[in-house]
Amino acid sequence: MDNVQVPMNDLSRRWYARSPDARALIDNVLSSGWYVQGRHHAALEQEFAQFMGADHAVGVASGTDALELAMRAVGCSRNSTVLMCANAGGYASIAAARIGAGAVYVDIDPVTHTMSPDCLKEVIHEDDGAVVVTHLYGNVADVPRIRDICERFEVPLIEDCAQATGASLKGRRVGTFGSAGCFSFYPTKNLGGIGDGGAITTSSRDLDSAVRRLRQYGWSTRYRVDQEGGMNSRLDEVQAALLRPGLQLLDRDNENRRRIVRTYQSATRESEIIRMVSGSSDSFVGHLAVVECADTNTRDQARRWLADKGVQTDIHYPIPDHEQPRLPAPVRAVPLPVTESVVGRIFSVPCFAELTERETTTVGDALSSFSVPGS
Ligand SMILES: *Cc1c(COP(=O)(O)O)cnc(C)c1O
C-alpha cells in the first residue's frame with residue numbers, strides 16, 4: 001500500500017515520547033554491570049504484582065514461555081490435556097505442544113470471541129490438565145463462570161492476559177481469577193518493551209516457587225536442579241528497567257485504547273454488515289480493534305475500502321489452531337461452529353495508544369462510510 005496514512009502500529013512513537021527517560025535508564029543498566037535479574041527486575045516483579053493485586057509476579061522471557069511455565073507449574077506434562085480456544089493466535093497450542101501435552105479446543109462466544117462457558121462445560125473432563133482462557137483483543141472473557149466450571153471439575157485455570165494487560169472486571173485485574181495469569185511484554189502489547197519479555201502472576205506460594213525454579217534450569221538454589229522441566233527463560237534487565245515506567249502509564253494508555261475502540265463502535269453502530277468485536281465484553285481494554293463482517297466478501301471489500309483511504313488493516317488470526325498444518329491434532333475433536341464461522345469474516349484496524357485523534361477519526365469515518373457497493 002503506497003498511501004499509508006494510518007499505520008496498524010508505530011512503535012517508535014511510544015519510545016520517541018519516552019526517549020530521554022528511556023535512554024537514562026538504559027545507561028543506568030549499562031553502568032550497573034548487572035544485566036539479568038538485577039535491581040530493576042526485582043522492583044518490576046514487586047510493582048507488577050502490586051499493580052495486579054496478586055501476591056507474586058515472576059519475570060520470564062516471553063508470553064509463550066509464561067504459558068509453558070504456568071502449564072508445567074500447575075502439573076501439566078506429556079499426555080496431559082489442555083483446553084483452550086482455537087482462534088487466539090496459537091500461543092497456548094505452541095506452549096502445550098512444547099511440553100507434549102495435547103490440546104482440546106473449546107468454541108467461542110459469538111459476541112466477544114472469547115471462550116464460551118457453555119461450550120467449556122460440555123467439553124471439560126475432571127482429568128484434564130488445565131484450561132487456558134485468553135482475554136482476546138482486550139475483551140475480558142467470562143472468567144467468573146469459567147472459573148466456577150474449572151473449580152467444579154478441579155481443573156486449574158490459567159489466564160492468557162497477553163492482550164489484556166491492565167484490564168479489570170468489577171475492580172479486579174485479569175490475571176488474578178485463575179491459578180496463574182500469563183503476560184507478554186512484546187513491543188506491540190499494551191505494556192510493551194523493546195524486545196521480548198513476559199510475566200506470570202499468581203497468589204499461590206507453591207506456584208510462585210515452581211515458576212521461579214522452572215525459569216532458571218529447575219534450580220532451587222544455584223546449580224542444584226530440583227525441578228523437572230526447567231529451562232532458561234529470564235527477563236533481561238534493560239526490559240525490566242523500561243517496563244517499570246511503562247507500568248505507571250499503563251492505565252492511561254489503556255484509556256486511550258478504549259477511547260479508540262469506542263470511536264469505532266460509534267462509527268459502526270448503524271451498520272448491518274460490520275460490527276466491532278473489540279469492546280463487546282463486560283469490560284475491556286483496547287488491544288486489537290477487530291471488526292466482524294457479514295461474510296468474507298464484505299470483509300474483503302471493507303479492507304479494500306479502508307486501504308483506498310490510507311488505512312492499514314490486518315487479520316488476527318487467519319488460521320485457527322486446529323487447521324494449522326504443523327500443530328498436533330487436538331486429542332479430542334469438538335465441533336467449533338462459531339470459531340469456523342468467524343475466521344473468514346474478521347479483520348483488524350489500527351489501535352495503539354499513540355494513535356492521534358485525527359487518525360482515529362480517519363479510521364472511524366472510513367468505517368462509517370463503508371457499505372457494500374450496489375446495496
Ligand atoms: C503475544 C501473545 C502471546 C505470546 O507472547 P510472546 O511474548 O510473543 O511470546 C500469547 N498469547 C497471546 C494472546 C498473545 O497475543
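Ligands are counted one by one from 1 in listed order, and the atoms in each one are counted from 1 as well. Nothing here was measured: the structure is a model prediction, and the numbers come from that model.
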**Q** About how many Å separate CG of Leu191 and CG of Asp251, when rounded to the nearest 0.5 Å?
**A** 10.5 Å
**Q** Are any of the N or O atoms of Asp65 closer than 3.5 Å to those of ligand 1?
**A** no
**Q** Rounded to the nearest 0.5 Å, what's the gap from CD on Glu45 to OG1 on Thr201? Could you check?
**A** 11.5 Å
**Q** Filter on side-chain hydrogen bond (donor to acceptor under 3.5 Å, both in side chains), then keep only pairs touching residues 67-76, sequence neighbours left out; what's left?
**A** Glu68-Arg72, Glu68-Arg98
**Q** Between Arg14 and Phe352, is NZ or CZ placed under 6.0 angstrom from the six-membered ring centre and within 45° of the ring axis?
**A** no
**Q** Taking the six-membered ring for Trp and the single ring otherwise, decide whether the centroids of Phe48 and Phe183 are under 6.0 Å apart.
**A** yes
**Q** Please write down residue, atom name and distance for the protein heavy atom closest to atom 3 (C) of ligand 1.
**A** Tyr91 CG, 3.4 Å
**Q** Taking N or O atoms only and a 3.5 Å limit, does Thr134 qualify as a polar contact for ligand 1?
**A** no
**Q** For atom 9 (O) of ligand 1, which protein heavy atom lies nearest, and how many Å away is it?
**A** Thr64 OG1, 2.6 Å
**Q** Is it the case that ligand 1 has an N or O less than 3.5 angstrom from some N or O of Asp196?
**A** no
**Q** Applying the side chain to side chain contact (heavy atoms under 4.5 Å, CB included) criterion to Ile124, which one of Ile146, Thr81, Val131, Val104 satisfies it?
**A** Val131
**Q** Against heavy atoms of Ser62, which atoms of ligand 1 measure under 4.0 Å?
**A** 7 (O), 9 (O)
**Q** Short N/O distance, under 3.5 Å, between Leu67 and ligand 1?
**A** no
**Q** Identify, for atom 13 (C) of ligand 1, the protein heavy atom at the shortest distance, and state residue, atom and that distance.
**A** Asp160 OD2, 3.3 Å
**Q** Report the part of Ala162 in contact with ligand 1, treating N, CA, C, O as backbone and CB onward as side chain, heavy atoms under 4.0 Å; options are side chain, backbone, both, neither.
**A** side chain
**Q** Would you mind checking which non-hydrogen protein atom is closest to atom 2 (C) of ligand 1, with the distance to 0.1 Å?
**A** Lys189 NZ, 2.6 Å
**Q** Which residues pass the ring-ring contact (aromatic ring centres under 6.0 Å, His included) test with Trp34, not counting sequence neighbours?
**A** none
